[in-house]
Amino acid sequence: MKGQLTHAPVTGQFPTSATDLHVCLISEEAGLDLRTSELAPAPPKPVPAYPHAKALFHVGAYCGSVLASVGTFTLEDMDPDQGSQPSGRSWRIRGMATAKGFRRHGFASAVIEHGLREIRRRGGLLVWCNGRTTAISFYRHHKFEQIGGERRLPGLQPHFRFRRIIGQSHHP
């Protein structure tokens, strides 16, 4: 059932064949429950979570009919003090979440890779995010570079800023 969240699986359930993993664009509402449960203690954001985004899309990875992982991608320049030039072609990963029973089985990777393909299709040059400290190896595996030190903000898990250049500007 695309677009509908069913209950999380028993720990250890993962795809036994390529047909068990399906990744696609989804509605924001489809990923809300998963995002809310897995991103705690961060407070849940009501739909629409990013009403001021110039452009955005949501990606979901399913195991059969169960939504296993989600991510939102918003058109958003990184802070210039982080070594990024404002371009209008930078995208931010927001609300990346994977159900506990599906971690380390390729679902989050499928979400990231699908999102990167979509950003390239839309002419994006740079992708960045604030990733939890516990996700450093995940982002490094996907060729993101860490920028600066660990960040600690009230009400959020410790995190780092990451970025990945995925294209080149054709401007002089």
Selection residues 39-52 - residue pairs positive for side chain to side chain donor-acceptor pair (under 3.5 Å), sequence neighbours left out
none
Whether T133 side chain and P158 backbone form a donor-acceptor pair below 3.5 Å:
yes
Look up atom CH2 in W128 and atom CD1 in I147, then write down how far apart they are to the nearest 0.5 Å.
9.0 Å
Measuring from I112:CD1 to I93:CD1, what's the distance to the nearest 0.5 Å?
3.5 Å
What pairs with E28 under side chain to side chain donor-acceptor pair (under 3.5 Å), at least two apart in sequence or on another chain?
none
Decide, yes or no, whether a salt bridge links E76 with K54 under the criterion of side-chain N to carboxylate O below 4.0 Å.
no
Taking S90 for the side chain and M78 for the main chain, is one N or O donor matched with an acceptor at less than 3.5 Å?
no
If the plane angle is over 60° it's perpendicular, under 30° parallel, otherwise tilted; pick one for F162 and Y139.
parallel
Flag, side chain of R132 to backbone of L39, donor-acceptor distance under 3.5 Å
yes
At what distance, to the nearest 0.5 angstrom, does NE2 of H105 lie from CG of D20?
12.0 Å
Answer yes when R164 and E145 have at least one side-chain N-carboxylate O distance shorter than 4.0 Å, and no when they do not.
no
Please tell me if the side chains of Y62 and C24 come closer than 4.5 Å, counting only heavy atoms from C-beta onward.
yes
Candidates R161, Q157, R94, M96 - the one meeting side-chain contact (heavy atoms from CB on, under 4.5 Å) with N130
R161
Side-chain ion pair, R122 and E118, N-O less than 4.0 Å
yes
CD1 of I26 to NE2 of H58, rounded to nearest 0.5 Å, is 7.5 Å
Starting from the C-alpha separation in whole Å, work towards a yes-or-no answer on side chain to side chain donor-acceptor pair (under 3.5 Å) for Q146 and R140.
CA-CA 8 Å; Q146 181 181 320; R140 286 185 180 160; 2.8 Å; yes
Indicate yes or no for a side-chain donor-acceptor contact from R92 to the backbone of F73 under 3.5 Å, with no hydrogens or angles considered.
no
